Amino acid sequence: MQLDTNKLRDYYANPPEDVSLEDVDLGRLPRHVSIIMDGNGRWAQARGLDRSRGHVAGVDALREAVTTSVRLGLDALSVYAFSTENWRRPRREVDLLMHLFATTLVKELPLFHQENVRLRFLGDLTALPDATYRVFRQGLDETADHTGMTFALAVNYGSRAEIARAAREIALDVASGALAPEDVDEDAVASRLYTAGLPDPDLLIRTSGEMRLSNYLLWQLAYTEFYVTETYWPDFSRWDFLRAVAAYQGRSRRFGGVAAS
Ligand code: IPE
Ligand code: IPE
Ligand code: MG
């Protein structure tokens with residue numbers, strides 16, 4: 001994606017002591033960054049607030065992450081917003097999150113237009129409340145022609161369900177004769193995942209210190225670099241994003257081979 005370095009320098013003016021734009025190589029930025037946005041509840045609890053306040057604060061952090069990704073010229077940003085397991089939470093919290101997704105999307109559509117961002121969703125949207133589903137469809141339709149960054153929101157997403165669904169589709173295609181068994185290869189699977197057409201993430205960020213995937217992108221993260229920060233999601237800023245990118249650039253990605261010397 002096009003990198004506007006003047007805009008980027010403005011965006012990263014007034015750095016804190018430990019990190020600045022100079023710490024990253026703009027010629028070697030990741031193409032696709034994915035984030036497990038975790039720690040909203042603990043952020044709120046640490047302030048004596050209801051968990052819901054953490055989710056509301058998390059929206060601001062997400063808006064900043066989208067803007068940061070656009071400024072960095074990423075091809076794609078994907079974020080985990082609601083897992084297939086998150087339905088186990090209290091009804092009140094689930095309702096609030098579904099409502100928050102819908103109202104936030106309506107509010108942020110102008111930003112997507114302004115920044116030419118194309119929206120897509122990862123997950124089974126059919127199980128969502130009608131009002132949320134309708135807004136999601138509207139977001140998809142209104143941004144379908146945008147040619148800038150892809151922003152993928154994982155909602156009612158579970159990686160095992162995603163892979164099982166791809167297997168089911170392959171079985172149906174084989175049964176109908178549309179696909180030969182010997183043509184069932186990695187591409188056949190990848191093209192039936194919710195992420196079809198997106199490059200695999202180069203960098204996965206998880207906030208709030210948890211060292212697990214929680215059923216997120218098990219297939220797609222095969223060779224992704226992981227970065228875990230103790231920072232709770234609502235506090236995650238453009239500077240934390242830069243720290244993650246700097247750490248990513250310090251890694252030696254070998255993809256099973258040996259390091260180039
Ligand atoms: C992440 O924050 C947001 C969602 C899963 C929707 P949490 O709500 O998981 O916050 P913690 O992990 O309980 O602190
Ligand atoms: C993962 O966070 C899901 C999202 C961030 C949407 P959770 O808070 O649900 O994960 P666990 O339960 O700690 O593994
Ligand atoms: Mg959590």
Side-chain angles (χ1 to χ4, degrees), residues 1 32-41 43-44 50-72 74-87 89 91-158 161-162 193-198 201 205 207 216-217 232-238 241:
M1 217 94 292
H32 178 181
V33 174
S34 195
I35 307 179
I36 301 177
M37 308 182 290
D38 199 12
N40 291 353
W43 180 92
D50 189 74
R51 292 176 58 85
S52 61
R53 295 283 295 277
H55 297 314
V56 172
V59 170
D60 293 331
L62 179 53
R63 186 185 310 105
E64 176 148 333
V66 170
T67 305
T68 303
S69 303
V70 170
R71 291 289 163 271
L72 287 172
L74 303 189
D75 290 341
L77 171 72
S78 51
V79 301
Y80 203 8
F82 193 90
S83 72
T84 46
E85 288 72 33
N86 286 147
W87 297 106
R89 294 188 179 202
R91 174 73 195 266
R92 202 175 139 262
E93 182 170 345
V94 169
D95 287 350
L96 173 109
L97 284 166
M98 292 300 153
H99 181 71
L100 199 58
F101 295 149
T103 51
T104 301
L105 190 55
V106 170
K107 219 164 75 201
E108 300 303 333
L109 269 174
L111 174 70
F112 293 157
H113 290 312
Q114 184 193 313
E115 302 291 356
N116 196 21
V117 170
R118 187 182 13 206
L119 181 65
R120 66 187 275 180
F121 292 97
L122 314 177
D124 177 11
L125 301 188
T126 60
L128 302 184
D130 278 351
T132 306
Y133 180 79
R134 275 199 303 275
V135 172
F136 280 12
R137 276 252 51 107
Q138 183 195 347
L140 281 175
D141 294 343
E142 283 194 23
T143 66
D145 295 332
H146 290 176
T147 53
M149 186 185 80
T150 297
F151 172 56
L153 189 65
V155 176
N156 192 23
Y157 175 86
E162 176 188 42
L193 299 177
Y194 292 118
T195 48
L198 278 180
I205 299 170
T207 56
Y216 189 54
L217 301 182
Y232 294 143
W233 176 249
D235 288 330
F236 190 85
S237 69
R238 67 190 73 183
F241 206 121

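Numbers for residues simply follow the sequence, beginning at 1. Values below: every heavy atom of this structure, side chains too, minus hydrogens, waters and symmetry copies. As the structure is a prediction and not an experimental result, all values here were calculated from the model.
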From CA spacing to verdict: side-chain contact (heavy atoms from CB on, under 4.5 Å), L128, F101: CA-CA 11 Å; L128 302 184; F101 295 149; over 6 Å; no
Tell me which donor-acceptor pairs under 3.5 Å the side chains of residues 105-117 have, and how far apart each pair is, sequence neighbours excluded?
from, atom 1, to, atom 2, distance (Å)
E108, OE1, R63, NE, 3.3
E108, OE2, R63, NE, 2.8
E108, OE2, R63, NH2, 3.0
H113, ND1, H146, NE2, 3.2
H113, NE2, E142, OE1, 3.1
E115, OE2, R71, NH2, 2.9
N116, OD1, T147, N, 3.0
N116, ND2, T147, OG1, 2.9

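- The two residues A44 and R51 make their nearest non-hydrogen contact at CB-CA, 3.9 Å.
- A distance of 10.0 Å separates OH of Y216 from CD of E162, quoted to the nearest 0.5 Å.
- The NE2 atom of H55 lies 4.5 Å from the CG atom of L97; values are rounded to the nearest 0.5 Å.
- Within the 3.5 Å criterion, the main-chain N or O of R238 finds a donor-acceptor partner in the side chain of E64.
- Counting heavy atoms of neighbouring residues, nucleotides and ligands inside a 6.0 Å radius, atom CG of D141 exceeds 12 of them.
- Atom CG of D38 sits about 13.5 Å away from atom CD1 of I205, to the nearest 0.5 Å.
- T103 contributes a side-chain N or O that, together with a main-chain N or O of L100, makes up a donor-acceptor pair within less than 3.5 Å.
- The structure places CG of L77 at 7.5 Å from CG of L62, a figure rounded to the nearest 0.5 Å.
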Candidate pair Y157 and L217, rule side-chain contact (heavy atoms from CB on, under 4.5 Å), full reasoning: CA-CA 9 Å; Y157 175 86; L217 301 182; 3.4 Å; yes
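- The distance from the OG1 atom of T104 to the NE2 atom of H99 is 8.5 Å, given to the nearest 0.5 Å.
- Partners of W43 by ring-ring contact (aromatic ring centres under 6.0 Å, His included), not counting sequence neighbours: none found.
- Minimum heavy-atom separation, F241 to A65: CE1-O, 3.9 Å.
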Check against side-chain contact (heavy atoms from CB on, under 4.5 Å), L125 and N156: CA-CA 7 Å; L125 301 188; N156 192 23; 5.8 Å; no
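- Taking a 6.0 Å sphere around CZ of R89, one finds it holds more than 12 heavy atoms contributed by other residues, nucleotides or ligands.
- Nearest heavy-atom pair across G54 and P234 is O-CG, 3.7 Å.
- Residue T68 holds its OG1 atom at 8.0 Å from CZ of F236, rounded to the nearest 0.5 Å.
- Between the side chain of T143 and the backbone N or O of L119 there is at least one donor-acceptor pair closer than 3.5 Å.
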Worked verdict on V94 versus F82 for side-chain contact (heavy atoms from CB on, under 4.5 Å): CA-CA 9 Å; V94 169; F82 193 90; 4.2 Å; yes
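- Checked by atom type and distance alone, the side chain of W233 pairs as donor or acceptor with a backbone atom of G58 at under 3.5 Å.
- By the ring-ring contact (aromatic ring centres under 6.0 Å, His included) test, Y194 pairs with no residue at all, sequence neighbours left out.
- Under the 3.5 Å distance criterion, the side-chain polar atoms of T132 are matched with a main-chain donor or acceptor of M98.
- Smallest separation of non-hydrogen atoms from T195 and R120: C-NH2, 3.5 Å.
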